[in-house]
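Data block below; observations after.
Index from 1, following the sequence. Side-chain atoms are counted along with the backbone in the values below, which use heavy atoms only and exclude waters and symmetry mates.
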Amino acid sequence: MGCGASIPNKLGGKGRKRRSVVQEVAVFIPTIRVPVATDIVHPLRGLVSKELVDRLATLRSNVVLLSEEIYHGDMSAVSELQRVLEEYLPVVLGLTAKESRLEASVQFRWMTLDDDQECCLASAWYEVLSVVHLMAMLALFEANLKLIPRDGQNGIERKVSEDSKKDVVDSLLRASGCLDYSVHRLLVQIPAQIKKTFPSYLQEGMLEAISIQALGQCVEIQLGLASECDKATLSVKRRLACEQVSYFSQAYYCLSGCDTSDSYGKKLLLFLKWKCMDAKAVAYYYHALVLDKGGGPNNHISAVCCLSAADDLLPESKRACLSFCLANPVTRVPPPWGVMKNMQKKIPDVAYKKFQIYGHLLEQDKTR
């Protein structure tokens, strides 16, 4: 697995010069897998029409060629590859029809960009799964590019327009949908003995985790937009923060049955742990503000306790972020952004002020 922002500069295809540039990550992306040239013509000759064979071979060759362009991290290249994949998918789906008896006729080869490891299987369902998986990874990659402009300066606050953030949400939802479809519609078509040979990044739990992570990051963007909107109520902000906690916690749980022993699996776990801590801090903060509006002594005491919990989570979150960034492959420590951009100052300030006002109530409650 790898981090989306690091792929264009850190990695290169065979014969390409690799540059060790430490990149910043907004959206964590599992490994991007690309198709490797495969002989489609000979295995299918005489079994289907020449026109269909030629179309299938041409479309897959186009996907192979365009896959090389994502090394450059260019948005137009990613969009073009997405378009070709959408054109190729319904054609290759034809090989999965039971009446055609072609499901195991072609050896389909795919390779990871990170380490050039290949996985080759004679299964049209494996090809369909790989295509949909690549579409999901490209959507995540696209979201990452939009959140971290290539011309931005390292360590400087991200300036992403509201429209771009909404586009990021669309990309994340598209990625989540592709992965959810992979789990509930594609994996069930593949025999258990074939799935046992799958690499770790195609495990059911891994696909579910990334799908849910994408939803969590959708909410992260929406919460950031809500925090900047005067019309958004505290209850709405609290709900979004709690949803974020739920999504990242679910994603972490999905990985409990997966093989995450490699460096990228460990890095994904650290990413989810960091994001969950951020989300919990924000949820405690907004819950405290909602409680504080209740007016009664018990509400104020509960609000102070929630703010204290949020304040305690901030340094833990920073340590979790640093652990994520230092884990291989090393990534740059990002500046606070979204809702966390203001929370780093708001939470300790409000916690201190509320304790100054209602601290005596808390002390009285302890002595009862």
### Query
Is a donor on one side and an acceptor on the other found under 3.5 Å between the side chain of Thr58 and the backbone of Asp54?
yes
### Test log, rule salt bridge (Lys or Arg N to Asp or Glu O under 4.0 Å), inputs Glu316 and Arg319
CA-CA 5 Å; Glu316 289 185 40; Arg319 285 193 292 270; 5.0 Å; no
### Message
Strictly distance-based, threshold 3.5 Å: is any side-chain N or O of His184 a donor or acceptor partner for the main-chain N or O of Asp180?
### Response
yes
### Message
Between Lys353 and Gln356, is there a side-chain heavy-atom distance shorter than 4.5 Å?
### Response
no
### Task
Given salt bridge (Lys or Arg N to Asp or Glu O under 4.0 Å), test Lys195 with Glu204 step by step and report yes or no.
CA-CA 9 Å; Lys195 285 190 282 191; Glu204 181 177 338; 5.6 Å; no
#### Entry: Approximate separation, where rounding is to 0.5 Å, of Lys318 NZ and Leu314 CG
7.0 Å
### Task
Find out whether Arg60 and Val91 are in side-chain contact, i.e. whether some heavy atom of one side chain is under 4.5 Å from a heavy atom of the other.
no
### Query
Do the numbers put Lys273 on top of the ring of Phe324, so that NZ or CZ is under 6.0 Å from the six-membered ring centre and no more than 45° off the axis?
no
### Message
Could you check whether any side-chain heavy atom of Arg109 comes within less than 4.5 Å of a side-chain heavy atom of Val64, counting everything from C-beta outward?
### Response
no
#### Entry: Whether Glu220 side chain and Gly338 backbone form a donor-acceptor pair below 3.5 Å
no
### Query
What about Val63 and Leu138, same hydrophobic cluster or not, with Ile/Leu/Val/Met/Phe/Trp/Tyr joined at side-chain heavy-atom distances under 4.5 Å?
yes
### Query
Does a side-chain N-to-carboxylate-O contact under 4.0 Å join Glu51 and Arg55?
no
### Query
Hey, is the main chain of Val36 close enough, under 3.5 Å, to the side chain of Thr38 for a donor-acceptor pair?
yes
### Query
Around atom OH of Tyr284, are there more than 12 heavy atoms of other residues, nucleotides or ligands at under 6.0 Å?
no
### Message
Pairing donors with acceptors under 3.5 angstrom, does anything connect the side chains of Ser261 and Asp259?
### Response
yes
### Task
Check step by step if side-chain contact (heavy atoms from CB on, under 4.5 Å) holds for Leu186 and Trp125.
CA-CA 7 Å; Leu186 300 182; Trp125 280 116; 3.7 Å; yes
### Any side-chain heavy-atom pair of Lys146 and Val160 under 4.5 Å
no
### Task
For the pair Lys165 (side chain) and Leu225 (backbone), establish whether a donor and an acceptor sit closer than 3.5 Å, ignoring hydrogens and angles.
no
### Message
Closer than 3.5 angstrom, by distance alone: can the side chain of Ser176 be matched with the main-chain N or O of Leu173 as a donor-acceptor pair?
### Response
no
### Task
Please check if the side chain of Ser227 supplies one atom and the backbone of Gly224 the other of a donor-acceptor pair under 3.5 Å.
yes
### Query
Same cluster or not: are Tyr181 and Tyr201 linked, directly or through other Ile, Leu, Val, Met, Phe, Trp or Tyr residues, by side-chain heavy atoms under 4.5 angstrom apart?
yes
### Query
Got Met137 and Arg33 here, is their nearest side-chain heavy-atom distance under 4.5 Å?
no
### Message
Hydrogens and angles aside, do Thr96 and Glu103 bring a side-chain donor and acceptor to less than 3.5 Å of each other?
### Response
no
### Query
Are Ile221 and Leu147 side-chain neighbours, meaning at least one heavy-atom pair lies under 4.5 Å?
yes
### Approximate separation, where rounding is to 0.5 Å, of Ser317 OG and Trp274 CH2
7.5 Å
### Message
Please report the interatomic distance CG(Leu66) to CD(Gln82), rounded to the nearest 0.5 Å.
### Response
11.5 Å
### Message
Test side-chain contact (heavy atoms from CB on, under 4.5 Å) on Trp110 and Leu134; report intermediate values, then the result.
### Response
CA-CA 10 Å; Trp110 286 73; Leu134 178 55; 3.9 Å; yes
### Message
Does any part of the side chain of Val25, heavy atoms only, come nearer than 4.5 Å to the side chain of Pro334, both counted from C-beta?
### Response
no
### Task
Consider only side-chain N and O atoms of Ser246 and Gln250, and report whether a donor and an acceptor are under 3.5 Å apart.
yes
### Task
Would you please test Leu361 and Asn298 for side-chain contact (heavy atoms from CB on, under 4.5 Å) and show each step?
CA-CA 8 Å; Leu361 295 176; Asn298 288 337; over 6 Å; no
### Task
State the CD-OG1 distance between Gln203 and Thr260, to the nearest 0.5 angstrom.
8.5 Å
### Message
For Gln213 and Tyr252, which I'm curious about, is there any donor-acceptor pair between the side chains at under 3.5 Å?
### Response
no
### Query
Is Val245 linked to Val290 within one hydrophobic cluster, defined over Ile, Leu, Val, Met, Phe, Trp and Tyr using a side-chain heavy-atom separation of less than 4.5 Å?
no
### Query
OH of Tyr88 to CZ of Arg83: how many Å apart, nearest 0.5 Å?
15.5 Å
### Query
What are the two closest heavy atoms between Cys218 and Leu172, and how far apart are they?
SG-CB, 3.3 Å
### Task
Could you tell me whether the side chains of Thr112 and Thr31 share a donor-acceptor contact shorter than 3.5 Å?
no
### Query
Hey, is OH on Tyr358 packed in by over 12 heavy atoms from elsewhere, all under 6.0 Å?
yes
#### Entry: side-chain contact (heavy atoms from CB on, under 4.5 Å) between Met75 and Glu142, intermediate numbers included
CA-CA 7 Å; Met75 191 74 74; Glu142 187 177 57; 3.5 Å; yes
### Query
Side chains of Leu255 and Leu272: does their closest heavy-atom pair fall under 4.5 Å?
yes
### Message
Side chains of Lys166 and Ser161 only: does a donor on one sit below 3.5 Å from an acceptor on the other?
### Response
no
### Message
Do Leu121 and Val106 sit in one hydrophobic cluster, given that two such residues count as connected whenever their side-chain heavy atoms are within less than 4.5 Å of each other, even indirectly?
### Response
yes
### Task
Check for a donor-acceptor pair, side chain of Asn144 on one end and backbone N or O of Ala26 on the other, with a separation under 3.5 Å.
yes
